[in-house]
Structures are given as structure tokens and as C-alpha cells.
Amino acid sequence: MTIPFNDLSRAAAEQHESLNAIAAEVLASGWFVHGPQHKAFEQELADYLGVNRVLGTASGTDALEIAFRAVATPTRRTIITAANAGGYSTCAALAAGLTVRLCDIDPDTHTLSPESLRGLVDDSVAAVVVTHLYGRMGDVDGARQVCAPLGIAVIEDCAQSLGARDGDRMGGSIGDLATFSFYPTKNLGALGDGGAIATTHAALDDRVAALRQYGWSTKYTMSIQGGRNSRLDELQAAFLRHRLPLLDAGNHRRRAIISRYAASAPDSIHVLPASDQRHTGHLAVVVTESAPLLAAHLREHGVSTEIHYPIPDYAQPFWESAPPSLPTTESFRGRILSLPCFPELTVSEVDAVCSALASFEGAPS
Ligand SMILES: *Cc1c(COP(=O)(O)O)cnc(C)c1O
């Protein structure tokens, strides 16, 4: 038996009939972008999150880029982000013509450390991105405390964390703006690309809405520069409307899988916990002395793994300036591994991953 890292065909097969009916309905409607499905999805997601407004975009990276453009000013041209989060914020900031400053992470949560942030902020900073990495909510309140006195926006990157909540506060409703991706492997996945931006106060609504569509304030009136064309299409919006009500159950199942892994892993493997609703269980990440050894052991037992993410931003070939000193980020290089984790994993597949974990003996001493 080979256990796949992910298998998107399983959910698609389960939902085959409804997805086909939805596609037929959209085709018959004659609306293909910014029609009734898109409008309804924006409202349904805003209600789910308890935010002021949601605006659809073509991808999560577009959502980040547009959010950065919305808060940048002629004097605030810097974005601060963590270096271990796949480089999406960095990519989007550079695409918007902004500068990136990298912040270290908290060793327990692997999300941006407000303590490290304190030494990095000044009035050239437009925004700080808190990436809710692996699905775990980062410390948005801590980042806000550092940012608010300087007028710096806090943006939550919720690409991996849609559905996470801290009591009655949903992830994505705490910062100034939040961004989402509906890339097929995300917890709320489309059958193609998609993204969204949530605003928590009305002041940014019109700016974000204009920036995602040519800088228009009204049709054909380009009121601001820096506009883009980034739209979530009707088909994807309709599929996402079907899947949004299933999200919480899927996240629950993901957390249960991660708890099983945590209960089976020997002491030499630390499974990052996903035990409460502040975590969506997007990725089952473990920390161990040697990730390559563990990956090889799991491969022998038919278990597929990946690494999220293998190369910090400052070590990427495109990074031009001297790498900053980020000791905590650096300390996890080569020590993290992601295990299969998606709601449609079968009980016997989860059992097989658990016994493969349990039989790992670590590095020969
Ligand atoms: C997937 C992802 C993105 C990018 O989303 P796309 O829709 O692929 O552009 C951004 N940030 C994080 C943390 C992600 O996981």
C-alpha cells in the first residue's frame, strides 16, 4: 500500500453529482465572472468569518499583492514577513514593487514572533504579515501591539488556516486585512485557482475593490493607480459555495488525524500539535533530528511525505541582500517533514502511517 501525500480525486468523486450539477447551472446562467455566484460566495464567506467584507481574487498570491498595494504609501514601502512560510508574501511584495524585511519565528508555533518583530519595525513599514502556518493561528494580537503605535497594518495570511478560530474570533477577522487561497489542496479548495481578501474595517474596502479591477471606482473610471485584473470566476465561486459548509467537518477530521500521529510517534519525533480549533490541521508537520532519515524510513513503509518548506526566503537563489540572522528559522532547516493529512484518508491509511512512525528508531548512535 502506498499512502499518497494528498489525493484530490477522492473528494471530487464523493461530490461528483453535485459538482456536475453546479457546473451545468453556471453554464446555463451565462454569467462567467463577477456574477451572482461570486457575489453570494463573497457574502457567505464574510458571514462565516464575521468580517466587514470579502472580495474574491484569482489566487492567494494575488490577494497578498493587492492587500500590500492597498496599505502601501509613497513613504511606507516595506513588508515584514516570516522566512519559513513558502515565500508567497515575499513574492507578492516584490511583484508590488515593495521591499521585504524578514522576521524570525516562535519556536513552538513556527509563526511570526512579535518579540523578534519589535526590533524590525519603523515608519517605512507598510504591513506585517502573520502567516497562520500549517493551519495554526499565529499571534495577531502580539503583532498588533507592536504595529499599532507606528500605524503599520497587520495582514493575516489565512491560505492554510480558513476555519481556525480563537474562541469566537475567527482567524482572518483580527488583523486589518486577511488573505485566502482556494488552491485545490487548501482546506477550502476550488477546482482551479482562487483567492480572497477580507477587510475588517470599511476604510479599506473601496481601495481593495478598485485594486483588484483596473483601479476602477465605477465601470471604466480608473480612480487609482496600481490596479490589477484579478477575479474569482463564477464556476469556482459556485464550487466553493458548495464546499464551504463542509469545511468545519474536514478541519475536524484533519485535527483527529494529526492527534493520531502525535499519539503514535516515538520521542524522537515531535508532531506539532493541532489539538484545538485554533488549528485547521492543514499540514501534519513533525520536527525530528534528521528529516531525510525519517522521510526515507517512511518511504520504505509506503508513506509519502513533503517538506513545508525546504528553503527559507533568505536562502532562495533570487535573494539578493545579505541573509538576515534568524536563528530560530534556521534551526528548523532539515528538521521538518510533513505527513499525509487530508479528510479523505482512510482509517487503515492513518493506521499505516501511525505504525510506520512508531517503528522509527532515529539516527544510529
Ligand atoms: C498557498 C499559499 C499561498 C498562495 O496561494 P495561491 O492561491 O497558490 O497563490 C499564500 N500563502 C500561503 C501560506 C499559502 O499556503
Side-chain angles (χ1 to χ4, degrees), residues 5-6 8 41 45 54-69 79-96 98 100 102-103 105-106 109-112 127-140 143 154-164 171-172 175 177-198 212 228-233 235-237 239-240 243 247 251 254 272 274 278-285 306-313 316 329 336 338 341-342:
F5 187 75
N6 209 332
L8 300 175
F41 174 67
L45 185 56
V54 165
L55 297 116
T57 61
S59 74
T61 311
D62 275 6
L64 285 166
E65 184 186 330
I66 292 166
F68 296 160
R69 287 175 187 264
I79 303 294
I80 297 183
T81 186
N84 67 331
Y88 305 104
S89 294
T90 296
C91 172
L94 297 178
L98 304 173
V100 174
L102 297 172
C103 183
I105 55 168
D106 176 274
T109 67
H110 294 228
T111 59
L112 182 127
V128 169
V129 182
V130 177
T131 305
H132 298 317
L133 196 66
Y134 310 146
R136 190 197 196 287
M137 283 174 76
D139 187 358
V140 186
V154 174
I155 298 174
E156 296 178 69
D157 181 348
C158 303
Q160 305 187 356
S161 69
L162 180 50
L177 292 170
T179 62
F180 301 85
S181 166
F182 309 118
Y183 181 77
T185 61
K186 308 297 188 193
N187 292 27
L188 179 62
L191 306 183
D193 272 314
I197 301 172
R212 78 164 168 183
R228 293 273 320 272
N229 161 22
S230 181
R231 291 184 289 238
L232 177 66
D233 66 68
L235 262 177
Q236 300 309 332
F239 294 141
L240 291 168
R243 288 182 162 183
L247 175 68
N251 290 353
R254 289 169 182 269
L272 296 184
R278 284 177 305 168
H279 205 303
T280 62
H282 177 64
L283 289 169
V285 175
E306 293 198 12
I307 301 170
H308 297 91
Y309 292 92
I311 310 175
D313 295 14
Q316 294 287 357
T329 304
I336 49 173
S338 307
C341 184
F342 56 101

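Remember, it's 1-based here, ligands and their atoms both numbered in the order they're listed.
- For Tyr88, no nitrogen or oxygen atom sits less than 3.5 Å from a nitrogen or oxygen atom of ligand 1, counting backbone and side chain alike.
- With a 4.0 Å heavy-atom cut-off, ligand 1 is reached by the side chain of Ala159 but not by its N, CA, C or O.
- Here the straight-line distance linking atom CZ of Phe68 with atom OG1 of Thr179 works out to 7.0 Å at 0.5 Å rounding.
- Residue-to-ligand polar distances place Ser181 within reach of ligand 1: an N/O pair is separated by less than 3.5 Å.
- Among the candidates His282, Glu156, His279, the single residue satisfying the side chain to side chain donor-acceptor pair (under 3.5 Å) test with His132 is Glu156.
- In summary, the side chains of Thr90 and Asp313 do present a donor paired with an acceptor at a separation below 3.5 Å, with no hydrogens or angles considered.
- Residues meeting the side-chain contact (heavy atoms from CB on, under 4.5 Å) test with Ala127, sequence neighbours left out: Val71, Ile79, Ala153, Ile155.
- Judged by distance alone, the side chain of Thr111 and the main-chain N or O of Val130 form no donor-acceptor pair under 3.5 Å.
- Distance from atom 11 (N) of ligand 1 to its nearest protein heavy atom, with residue and atom name: Asp157 OD2, 2.7 Å.
- Short contacts between ligand 1 and Gly60, defined as distances under 4.0 Å to a heavy atom of the residue, involve ligand atoms 5 (O), 6 (P), 7 (O), 9 (O).
- In terms of polar-atom proximity, defined here as any N/O pair under 3.5 Å, Thr61 does make such a contact with ligand 1.
- Contact analysis puts Lys186 in contact with ligand 1, with a non-hydrogen atom separation below 4.0 angstrom.
- With sequence neighbours left out, the ring pair (Phe, Tyr, Trp, His ring centres under 6.0 Å) criterion links Phe41 to Phe182.
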